[in-house]
2 protein chains.
Amino acid sequence: MGVIRKTQSVSLVLNEFEKNSKAISAIELVKRLDDKINKTTVYRLLDKLEDDGLLHYFLDSNGVKWFAKCKICSKSKHHDVHPHFQCTDCGIVDCLEIKITIPEIPNRKVVNSQILVLGQCDLCLQ
Amino acid sequence: MGVIRKTQSVSLVLNEFEKNSKAISAIELVKRLDDKINKTTVYRLLDKLEDDGLLHYFLDSNGVKWFAKCKICSKSKHHDVHPHFQCTDCGIVDCLEIKITIPEIPNRKVVNSQILVLGQCDLCLQ
DNA sequence: TTGCAATCGCAACTAAGTTGCGTTTAAATT
DNA sequence: AATTTAAACGCAACTTAGTTGCGATTGCAA
Ligand SMILES: [Mn+2]
Ligand SMILES: [Mn+2]
Ligand SMILES: [Zn+2]
Ligand SMILES: [Zn+2]
């Protein structure tokens with residue numbers, strides 16, 4: 001796949017991710033752009049942008065898909081495999097710049113892991 | 001909620017989890033019991049059994065709900081918060097009896113975490 | 001400009017899970 | 001053992017995130 005054309009829709013979607021550094025759920029993005037882009041297009045674009053290494057995705061504790069900007073990824077490989085954080089009070093989701101080590105497990109080969117940390121964000125703690 | 005009556009359906013569902021110690025997805029369980037229990041009942045039972053501390057659940061990398069037996073949990077609290085493992089080759093899912101420590105995160109209060117480890121299981125490694 | 005494949009919009013579809021409601025049944029009470 | 005009744009169940013219809021097929025539109029290279 002991969003994005004080939006710089007269409008209006010691509011700009012609109014990427015612009016939403018430029019506004020701040022938080023993650024955005026596909027559901028929320030579809031709503032935000034409802035009057036400008038068809039939901040099918042939004043989903044297809046998210047897939048493509050992920051494919052291109054511009055966005056990465058993960059699932060929250062309800063199985064909902066969230067997307068966030070990649071920092072050092074490319075079309076060939078996502079390098080930014082990291083944990084994500086969801087605030088149980090306000091619902092914001094973002095990327096954690098920390099490394100959590102998965103120990104060796106007997107008789108198993110660990111390839112990667114998906115970690116969702118739940119708790120309270122800085123704003124909700126005040 | 002909580003299971004009150006020892007019905008035929010309860011036995012059938014619990015029996016599936018007694019067969020071995022692996023986790024079972026709700027989807028798979030509905031299929032397995034298709035000729036014996038209505039899917040609505042299966043989902044309602046899984047909810048109840050989870051509520052009662054007999055089963056716990058988690059999501060796999062596709063957002064699909066899986067259930068597994070609890071060991072030391074009760075109606076009032078799930079004590080068995082642990083990582084889960086999914087084999088990327090054969091698809092089996094089970095509980096990991098290991099503890100993975102989430103470090104302190106500045107300006108955030110970590111309450112709990114959901115960890116899915118992906119890799120190859122013992123059988124698929126041979 | 002023109003050509004045309006990439007992209008898009010729309011409607012219909014898929015699949016996991018839920019809800020409402022009338023019927024059945026476990027099990028306590030007579 | 002028969003009666004009672006709320007818990008549990010089955011069924012059909014619904015919800016919702018995401019997908020598919022296809023004809024119309026559009027970015028962009030020639
Ligand atoms: Mn991230
Ligand atoms: Mn488990
Ligand atoms: Zn918050
Ligand atoms: Zn395996």
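Computed from a predicted model, the values in this text were never measured in an experiment.
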Plane angle bin for B:H82 and B:H56 - parallel if under 30°, tilted between 30 and 60°, otherwise perpendicular: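 Because their plane-to-plane angle is over 60°, the rings of B:H56 and B:H82 count as perpendicular.
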
Can you tell me how far [atom2] of [N] sits from [atom1] of [X], to the nearest Å?
{"X": "A:E28", "N": "D:dT16", "atom1": "CD", "atom2": "P", "result": "16 Å"}
{"X": "B:F67", "N": "C:dG17", "atom1": "CZ", "atom2": "C1'", "result": "11 Å"}
{"X": "A:L59", "N": "D:dG18", "atom1": "CG", "atom2": "P", "result": "9 Å"}
{"X": "B:W66", "N": "C:dG17", "atom1": "CH2", "atom2": "C1'", "result": "17 Å"}
{"X": "B:N38", "N": "C:dG17", "atom1": "CG", "atom2": "P", "result": "15 Å"}
{"X": "B:L46", "N": "C:dA16", "atom1": "CG", "atom2": "P", "result": "14 Å"}
{"X": "B:E50", "N": "C:dG17", "atom1": "CD", "atom2": "C1'", "result": "15 Å"}
{"X": "A:K36", "N": "C:dC10", "atom1": "NZ", "atom2": "C1'", "result": "20 Å"}

Cation-pi check, B:K65 onto B:Y57 ring (under 6.0 Å, within 45° of axis):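 Yes, B:K65 lies over the aromatic ring of B:Y57.
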
Presence of salt bridge, A:K71 and A:E97, under 4.0 angstrom: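 Counted as a salt bridge, because a side-chain N and a carboxylate O are separated by less than 4.0 Å.
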
Transitive ILVMFWY cluster of B:V111, excluding itself - 4.5 Å side-chain cut-off: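 Once heavy-atom contacts under 4.5 Å are chained together, B:V111 still belongs with nothing else.
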
B:L116: hydrophobic cluster co-members (side-chain, 4.5 Å):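 So far as hydrophobic clustering goes, B:L116 is joined with B:L118.
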
Along DNA chain D (nearest heavy atom to each residue), the more 5'-positioned of B:S9 and A:I27: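 Comparing both residues, the 5'-ward one is B:S9.
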
Sugar-phosphate or base contact per nucleotide [nucleotides 19-30 of chain D; S, B, -; heavy atom under 4.0 Å]: BBB----BBS--

Exercise: identify the closest heavy-atom pair between A:P103 and A:V110: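 The pair with the smallest heavy-atom distance is O-CG2, 4.4 Å.
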
5' priority, DNA chain C, between B:V64 and A:I37 [closest heavy atom]: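 Closer to the 5' end of DNA chain C: A:I37.
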
